Amino acid sequence: MAGKELSWSRSDRGWSQGERAKTAAKLMVGWVALLWLLEVVDVITGHSLDGLGITPREPSELVDIVPASFLHFGFAHLAANTVPLLVLGFVAALGGLRRFAAVCALIIVADGLGVWLISPAHTNTAGASGLIFGLFGFLVISGFVERRPLGIMAGILIAAVWGSSVLVGIAPTNTTVSWQGHLVGLVSGVAAAFLFRRRSASGSPEKAIR
């Protein structure tokens with residue numbers, strides 16, 4: 001956003017690192033617990049929540065772009081997303097809860113709209129993987145954008161652990177997953193790294209080793 005920069009983590013500056021870590025951990029454990037609870041409800045009700053997935057290019061489906069990120073097609077699907085969401089969400093939340101909320105909101109909405117626009121007709125898409133790919137892109141890029149040595153090292157480590165899975169997940173030849181949702185989520189996360197980059201309290205870029 002030209003001409004306007006925000007310090008997204010300013011409200012968290014008084015927190016110790018331990019307090020940040022505890023809060024981030026509680027947030028992500030609660031988030032994942034909600035996803036598992038929703039899947040239990042879905043199974044008990046005969047998969048009634050599956051209809052809240054996104055069916056492309058139907059105007060009535062636009063209301064499902066946010067709920068779809070919290071729903072899954074079975075426990076195996078959810079289990080596959082649980083660990084990366086916990087880890088990537090925890091690391092991202094360490095940078096400040098306000099910014100984390102803004103980043104997640106952007107990724108979820110942009111990814112849902114992307115799925116709605118470009119996914120194949122007559123498909124039903126749901127799951128947290130779009131958000132996971134978005135958080136991956138955000139964490140890998142943000143350290144370089146902000147020129148923070150620790151952020152750069154964290155991004156490199158995350159890329160080393162999950163990079164190959166991300167490449168497979170965005171390959172158009174992979175018809176077993178919504179590669180469209182993965183790709184849009186990844187791009188949204190990269191955009192979020194630029195849009196929500198951290199600033200100093202004065203509004204100028206924080207000093208970093210070059």
Side-chain angles (χ1 to χ4, degrees), residues 1-35 66 69-70 81-112 114 128-163 165-166 169 181-210:
M1 296 176 67
K4 186 176 182 180
E5 296 285 357
L6 300 177
S7 178
W8 291 96
S9 58
R10 188 180 303 173
S11 64
D12 302 320
R13 288 184 185 277
W15 291 19
S16 69
Q17 289 287 37
E19 289 171 331
R20 285 174 182 262
K22 288 180 181 178
T23 302
K26 290 178 181 177
L27 173 63
M28 293 316 302
V29 168
W31 191 318
V32 170
L34 173 62
L35 301 188
V66 172
S69 291
F70 294 85
N81 284 337
T82 294
V83 172
L85 180 60
L86 271 174
V87 175
L88 298 179
F90 171 75
V91 176
L94 288 176
L97 297 185
R98 290 178 61 197
R99 183 173 75 149
F100 176 69
V103 168
C104 288
L106 172 64
I107 294 171
I108 288 172
V109 172
D111 183 60
S129 56
L131 174 60
I132 291 168
F133 275 65
L135 290 174
F136 172 89
F138 172 77
L139 290 170
V140 169
I141 295 297
S142 60
F144 293 94
V145 172
E146 298 166 4
R147 289 187 284 184
R148 295 173 180 268
L150 286 177
I152 292 172
M153 288 189 290
I156 292 173
L157 178 60
I158 289 168
V161 174
W162 278 292
S165 297
V166 168
H182 293 170
L183 179 60
V184 175
L186 180 64
V187 172
S188 300
V190 171
F194 287 92
L195 186 60
F196 301 124
R197 58 187 174 184
R198 287 186 289 190
R199 309 293 289 183
S200 67
S202 64
S204 59
E206 292 188 10
K207 294 180 180 179
I209 297 173
R210 184 163 180 164

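Residue numbers count from 1 along this sequence. Everything numeric in this text was worked out from a predicted model, so none of it was measured.
By the 4.5 Å heavy-atom criterion applied to side chains, M153 and L150 are counted as neighbours. Residues L35 and L85 have side chains in contact (heavy-atom distance under 4.5 Å, counting atoms from C-beta outward). The shortest side-chain heavy-atom distance between W162 and V87 falls under the 4.5 Å cut-off.
Looking at residues two or more places apart in sequence or on another chain, you find no side chain to side chain donor-acceptor pair (under 3.5 Å) involving S165. Applying the ring pair (Phe, Tyr, Trp, His ring centres under 6.0 Å) test to F133 and every residue at least two apart in sequence or in another chain returns H182.
In this structure, OG on S69 lies 10.0 Å from CD1 on I132, to the nearest 0.5 angstrom. In this structure, the separation between CG on L94 and CZ on R20 is 8.0 Å, given to the nearest 0.5 Å.
Here the closest heavy-atom approach between residue A25 and residue F90 is recorded as N-CD1, 3.6 Å. The two residues I141 and A193 have their closest heavy-atom pair at CG2-CB, 3.9 Å. Between L131 and I107, the shortest heavy-atom contact is CA-CG2, 3.8 Å.
A donor-acceptor pair under 3.5 Å is formed between the side chain of R99 and the backbone N or O of F196. Side-chain atoms of R197 never come within 3.5 Å of backbone atoms of E146 as a donor-acceptor pair (strictly under, hydrogens ignored).
By the 30° and 60° cut-offs, the orientation of the rings of F100 relative to W31 is perpendicular.
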